[in-house]
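First comes the structure, then the notes that go with it.
Values below: every heavy atom of this structure, side chains too, minus hydrogens, waters and symmetry copies. For this chain, numbers begin at 1 and follow the sequence in order.
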Amino acid sequence: MGPASLPPDIAASLSKLFLDAINDPATASLLASRGLVAVPQDGPTFKAAILKDRERWAKVVKQGNIRAE
């Protein structure tokens with residue numbers, strides 16, 4: 001995630017750094033030792049997942065008449 005104005009070349013560089021880190025066996029081992037599993041995703045895939053989650057949970061909130069206090 002980053003600001004909307006983040007230049008595409010910088011976003012791509014950051015995405016590569018994060019994917020490289022997540023795909024590193026040492027990182028996977030460290031995360032697993034804490035009960036976590038990384039799901040490597042590039043920027044567009046992550047954005048699509050976030051938008052899908054927002055849509056799904058918006059329906060749940062509306063159907064349940066859930067309100068923030």
With sequence neighbours left out, the residues meeting side chain to side chain donor-acceptor pair (under 3.5 Å) with N23 are none
Residues at least two apart in sequence or cross-chain that pass side chain to side chain donor-acceptor pair (under 3.5 Å) with T27, listed by chain then number, are none
Hey, any chance L6 and F18 share a hydrophobic cluster, counting ILVMFWY side chains that come within less than 4.5 Å of each other, even indirectly?
yes
Residues 51-65 vs side-chain hydrogen bond (donor to acceptor under 3.5 Å, both in side chains), sequence neighbours excluded, gives N65-R67
Nearest heavy-atom approach of S15 to G43 is OG-N, 3.8 Å
Members sharing I22's hydrophobic cluster, built from side-chain contacts under 4.5 Å between Ile, Leu, Val, Met, Phe, Trp and Tyr, are none
For residues 26-45, the salt bridge (charged side-chain N to carboxylate O under 4.0 Å, His left out) pairs (sequence neighbours left out) are none
When L14, D20, L19 are each screened for side-chain contact (heavy atoms from CB on, under 4.5 Å) with K16, the one that passes is D20
- Message: Tell me whether S13 contacts the main-chain N or O of D9 through its side chain, where contact means a donor paired with an acceptor under 3.5 Å.
- Response: yes
Residue set satisfying side chain to side chain contact (heavy atoms under 4.5 Å, CB included) with P8, at least two apart, ordered chain then number -> none
